[in-house]
Amino acid sequence: AQIFNKRFQELLGSDKPKGMYIYPLTLIHIGDFEQLQSALEKNPNRLWELLTYNIRAKFLPPFYNTLNRNEIKHDYSIVKGRVSAIFEQYKVIPATL
């Protein structure tokens, strides 16, 4: 993330509008968004809080680190319900001898 952010800042260069602060580039993996899904459904503004938390230090940590420190976990209840329905639909009944 640090290397990408450095290059991002270089590319912005003189194109950055005066008086405007552009936050450091944050890389977020699709898996992080999956982990965030239920938290964002409850409070969509939570994303901005987490992004601000992520850039708190000079070194940009991976975004999953921010999720772990804020105790945001995957919510498997939706997937569990879908998978259980599939298993139930294709349940094999053992043949009797």
Side-chain angles (χ1 to χ4, degrees):
Q2 204 70 18
I3 294 169
F4 283 106
N5 181 49
K6 183 178 178 185
R7 182 65 179 140
F8 176 66
Q9 297 301 328
E10 289 171 0
L11 291 173
L12 279 176
S14 62
D15 293 337
K16 188 173 11 176
K18 298 224 185 278
M20 181 182 282
Y21 178 76
I22 298 178
Y23 285 91
L25 180 70
T26 299
L27 299 178
I28 303 176
H29 190 273
I30 190 70
D32 298 335
F33 277 116
E34 291 172 348
Q35 188 171 342
L36 264 173
Q37 181 179 359
S38 63
L40 291 179
E41 286 173 353
K42 293 174 189 169
N43 181 6
N45 290 325
R46 186 79 196 270
L47 178 61
W48 303 114
E49 295 169 19
L50 293 169
L51 287 171
T52 302
Y53 181 86
N54 195 61
I55 62 167
R56 71 196 180 283
K58 287 185 177 184
F59 177 76
L60 292 172
F63 196 71
Y64 67 81
N65 185 308
T66 296
L67 296 177
N68 292 343
R69 287 183 179 266
N70 285 274
E71 297 181 8
I72 295 178
K73 307 289 184 207
H74 282 280
D75 179 11
Y76 293 110
S77 60
I78 296 169
V79 175
K80 184 179 176 184
R82 290 179 184 165
V83 170
S84 296
I86 291 170
F87 285 162
E88 194 63 35
Q89 181 180 357
Y90 295 103
K91 183 167 41 172
V92 178
I93 301 171
T96 56
L97 296 172

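Predicted model only: the values in this text are computed from it and were never measured.
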Check side-chain contact (heavy atoms from CB on, under 4.5 Å) between P24 and all other residues, then give those that pass, not counting sequence neighbours.
N5, Y21, I55, L60
Please list, chain by chain and in numerical order, all residues satisfying side-chain contact (heavy atoms from CB on, under 4.5 Å) with E10, sequence neighbours excluded.
K6, R7
Donor-acceptor pair, Q2 side chain versus F59 backbone, under 3.5 Å?
no
If we ignore hydrogens and angles and just use 3.5 Å, is the side chain of N70 paired with the main-chain N or O of T66 as donor and acceptor?
yes
CG/L11: more than 12 non-hydrogen atoms of other groups inside 6.0 Å
yes
For Q35 and N68, which heavy atoms make the closest approach, and how far apart are they?
NE2-OD1, 3.8 Å
Considering non-hydrogen atoms only, spot the tightest contact between F8 and Y23 and give its length.
CE2-O, 4.2 Å
To the closest 0.5 Å, what do you measure between CG (L36) and NE2 (H74)?
9.5 Å
When rounded to the nearest 0.5 angstrom, what is the spacing between CZ in F4 and OG1 in T26?
13.0 Å
For E71, enumerate each residue passing the salt bridge (Lys or Arg N to Asp or Glu O under 4.0 Å) test, keeping only those at least two apart in sequence or located in another chain.
none
By salt bridge (Lys or Arg N to Asp or Glu O under 4.0 Å), R69 pairs with (sequence neighbours left out) none
Mind checking whether L51 and I28 have side chains closer than 4.5 Å, heavy atoms only?
yes
Taking a hydrophobic cluster as the set of Ile, Leu, Val, Met, Phe, Trp and Tyr residues connected by side-chain heavy atoms closer than 4.5 Å, whether directly or through intermediates, do L27 and L12 fall within one such cluster?
yes
Would I72 and F33 show up in the same hydrophobic cluster when neighbours are defined by side-chain heavy atoms closer than 4.5 Å?
yes
Show every donor-acceptor pair shorter than 3.5 Å between a side-chain atom in residues 40-50 and any protein atom, with sequence neighbours excluded, or say none if there are none.
from: E41; atom 1: OE2; to: Q37; atom 2: NE2; distance (Å): 3.4
from: N43; atom 1: OD1; to: N45; atom 2: N; distance (Å): 3.2
from: R46; atom 1: NE; to: E49; atom 2: OE1; distance (Å): 3.4

Which residue pairs pass the side-chain hydrogen bond (donor to acceptor under 3.5 Å, both in side chains) test when at least one of the two sits in residues 76-86, sequence neighbours left out?
D75-S77
